[in-house]
Number of protein chains: 2
Amino acid sequence: MSKCEQCIVREFSSLKALTKDELIKLSDCKTSHIIKKGEVIFEEGENVNGIYCIKDGVCKLTKLSANGKDHIVKLVTKGELLGQRSMISDEPVNLSAVALEDMQVCFIPKSEVMGYFDKNNQFSMNVMKSICGDLKEADDHMVNLAQKTVKERLAETLLYLNDTFGKNEDSSLKVQLSRDELASIIGTATESCIRLLSDFKKLGLIELTGKKIVLKDINALKKLAE
Amino acid sequence: MSKCEQCIVREFSSLKALTKDELIKLSDCKTSHIIKKGEVIFEEGENVNGIYCIKDGVCKLTKLSANGKDHIVKLVTKGELLGQRSMISDEPVNLSAVALEDMQVCFIPKSEVMGYFDKNNQFSMNVMKSICGDLKEADDHMVNLAQKTVKERLAETLLYLNDTFGKNEDSSLKVQLSRDELASIIGTATESCIRLLSDFKKLGLIELTGKKIVLKDINALKKLAE
DNA sequence: TTAAAAATATGATATTTGTCATATTAAAGA
DNA sequence: TCTTTAATATGACAAATATCATATTTTTAA
């Protein structure tokens, strides 16, 4: 079992506020898990009873809409925590988490985390700030969905994927999403997404090789995204 | 100057966790304000340096989108706090707040509130829970904007206004929004909103008298909203 | 009170986006 | 490897929504 004191990603999450003693105790009660691409970490409506700390990999947070389609609310990657909102609200999770690539995660039971809230003010503030960041992001996202066209949203999402998760050596976007998943981020039909990608390709903005997407003209994409 | 100890709306906000001593101190440092309909409480990008407690009235939180149109992110009413996110993140506010009717609000300076976070754990938890609630709402809203049609969103919004803010004696919706504002909640063009309202009227779902809207067939509206 | 401005309403039309059908290509499993 | 299945792609068309023009009504303020 790996030790939390030596875990690097801890430094990027709210957990960085924990003391040495708290970390040692944490090492004992946390459980480590390998999640394969496509596997579910938790599902909307479940009682998770703790938080997941992502050590490696990327997952999608999705919500089922009334029409039966999944919408991707957010992508989450190493250094971030999952399930905070649900734990604090003392409710089942409102989103599902599914691995987009192989992941390493640690689960910390609720009882342990709730103790930090009482004893470690800096940890509380960190969690609050992180949730506040999520809220701001959600507001921005909401306005984009309400006011921008599908084309603008696609351009913006491609740029976001590039900026947030970076590229492979062949300069293709590191996070590989199916067309279906991409469509479910920007909130459109899969066919519309495919069609617009083809348009972007014809315009020389991107290159498509199988699932791989290479951004060729960042500035033009920025202009399209407004 | 009114006393916070005796303020009823306090019981509905995170401030209910404050002790008697804290409330007496709060009464001294808070400032009360009357905001007229249409007036701005704060504007996107401003440094607010504190939070507003709404004693009476309703306001809209809006965000300017890239195309220059305002989007209404949320309606906020008595008992709720404004500016929490911005204060915790230590950033300018990301939304503007504009009164939809005459309002009474109290302003509590940041220095005072931040003290509570250190000393009063229940207050911290209350604030966290309230922000978590906002986040969950935002997620839901996002999925609706992404997946539902304008008609569905309009029906849903009318029901939401009815459930959340209630009706006048003439059974019209209490919160009066212009067609423009209604359109900017559901994320559509003003004309489309007007047209759909006319359709709903023709179908006998609602009644329109000037700005007043009466919901005539709640069940049918629920069906439309899915 | 009346003139001007703003909000609401509606028609005509263009544009965007979704849906269905059907290839084509890629991936998975026997 | 071959077969089957799933993902991607594209055309044809339908539906939803936006835009522009223009009435009509309501509100505002001179």
Side-chain angles (χ1 to χ4, degrees), chain A residues 36-39 65-71 100-101 144-158 172-173 176-203 206-214 224-226, chain B residues 36-39 65-71 100-101 144-158 172-173 176-203 206-214 224-226:
Chain A
K36 292 264 170 209
K37 178 176 176 171
E39 279 180 10
S65 81
N67 63 25
K69 275 205 271 183
D70 265 330
H71 181 78
L100 289 176
E101 44 188 60
N144 282 343
L145 284 168
Q147 308 271 8
K148 289 192 173 177
T149 64
V150 175
K151 192 188 287 181
E152 287 165 346
R153 267 140 53 200
L154 175 58
E156 187 173 43
T157 301
L158 292 175
S172 64
L173 294 179
Q176 278 200 15
L177 299 167
S178 68
R179 303 291 188 262
D180 195 50
E181 287 169 328
L182 197 48
S184 121
I185 292 180
I186 66 183
T188 191
T190 309
E191 295 94 325
S192 298
C193 176
I194 290 173
R195 225 178 287 273
L196 282 171
L197 282 174
S198 295
D199 291 351
F200 283 8
K201 183 183 172 184
K202 274 169 207 152
L203 289 167
I206 61 175
E207 221 166 57
L208 297 172
T209 319
K211 257 195 181 50
K212 284 185 185 298
I213 300 176
V214 178
L224 264 185
E226 268 191 336
Chain B
K36 292 262 169 208
K37 178 177 176 172
E39 279 180 9
S65 81
N67 62 26
K69 276 205 268 183
D70 265 331
H71 182 77
L100 289 176
E101 44 188 60
N144 282 344
L145 284 168
Q147 307 271 8
K148 288 193 172 175
T149 64
V150 175
K151 192 188 285 180
E152 287 165 346
R153 266 140 55 200
L154 176 58
E156 189 174 42
T157 301
L158 292 174
S172 63
L173 294 180
Q176 278 200 14
L177 299 167
S178 68
R179 303 291 188 264
D180 196 52
E181 285 169 329
L182 198 47
S184 121
I185 291 180
I186 67 183
T188 190
T190 309
E191 296 95 325
S192 298
C193 175
I194 290 173
R195 227 179 286 273
L196 283 171
L197 283 174
S198 296
D199 291 351
F200 283 8
K201 183 184 172 183
K202 274 169 207 154
L203 290 168
I206 61 174
E207 221 166 59
L208 297 173
T209 321
K211 256 193 180 52
K212 285 185 185 298
I213 300 176
V214 179
L224 264 185
E226 269 190 335

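Side-chain atoms are counted along with the backbone in the values below, which use heavy atoms only and exclude waters and symmetry mates. We name chains A, B, ... by the order of the sequence lines, and we start the count at 1 in each one.
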- Among residues two or more places apart or on two chains, list those pairs meeting salt bridge (Lys or Arg N to Asp or Glu O under 4.0 Å) that have a residue in residues 185-203 of chain B. none
With sequence neighbours excluded, what pairs up with [X] under the side chain to side chain donor-acceptor pair (under 3.5 Å) test?
| X | answer |
| --- | --- |
| B:T190 | B:D180 |
| A:K151 | none |
| A:S65 | A:N67 |
| A:Q176 | none |

- Residues at least two apart in sequence or cross-chain that pass side chain to side chain contact (heavy atoms under 4.5 Å, CB included) with B:E181, listed by chain then number, are B:K60, B:I72, B:L100, B:L177, B:S178
- What residues, two or more places apart in sequence or in another chain, satisfy side chain to side chain contact (heavy atoms under 4.5 Å, CB included) together with B:A155? B:F200, B:L221, B:L224, B:A225
I'd like a list of close polar pairs between nucleotides 19-21 of chain C and the protein, N/O only, cut-off under 3.5 Å.
unit_1	atom_1	unit_2	atom_2	d
C:dT19	O4	A:R195	NH2	3.0

- Message: Let me check the geometry of the helix from C:dT1-D:dA30 to C:dA30-D:dT1. What is the bend angle between the axes at its two ends, five pairs each, to 10°?
- Response: 50°
- Below 4.0 Å: OP1/OP2 of D:dT10 and any side-chain N or O of A:S198: yes
- Message: Using a 4.0 Å cut-off on heavy atoms, which residues in residues 148-158 of chain A reach DNA chain D? List them by number, or say none.
- Response: none
- Message: I'd like to check the salt bridge (Lys or Arg N to Asp or Glu O under 4.0 Å) partners of B:K69; sequence neighbours left out, ordered by chain and number.
- Response: none
- Task: Determine, for nucleotides 22-30 of chain D in 5'-to-3' order, which nucleotides have protein heavy atoms under 4.0 Å from the base (write B), from only the sugar-phosphate (write S), or from neither (write -).
- Result: ---------
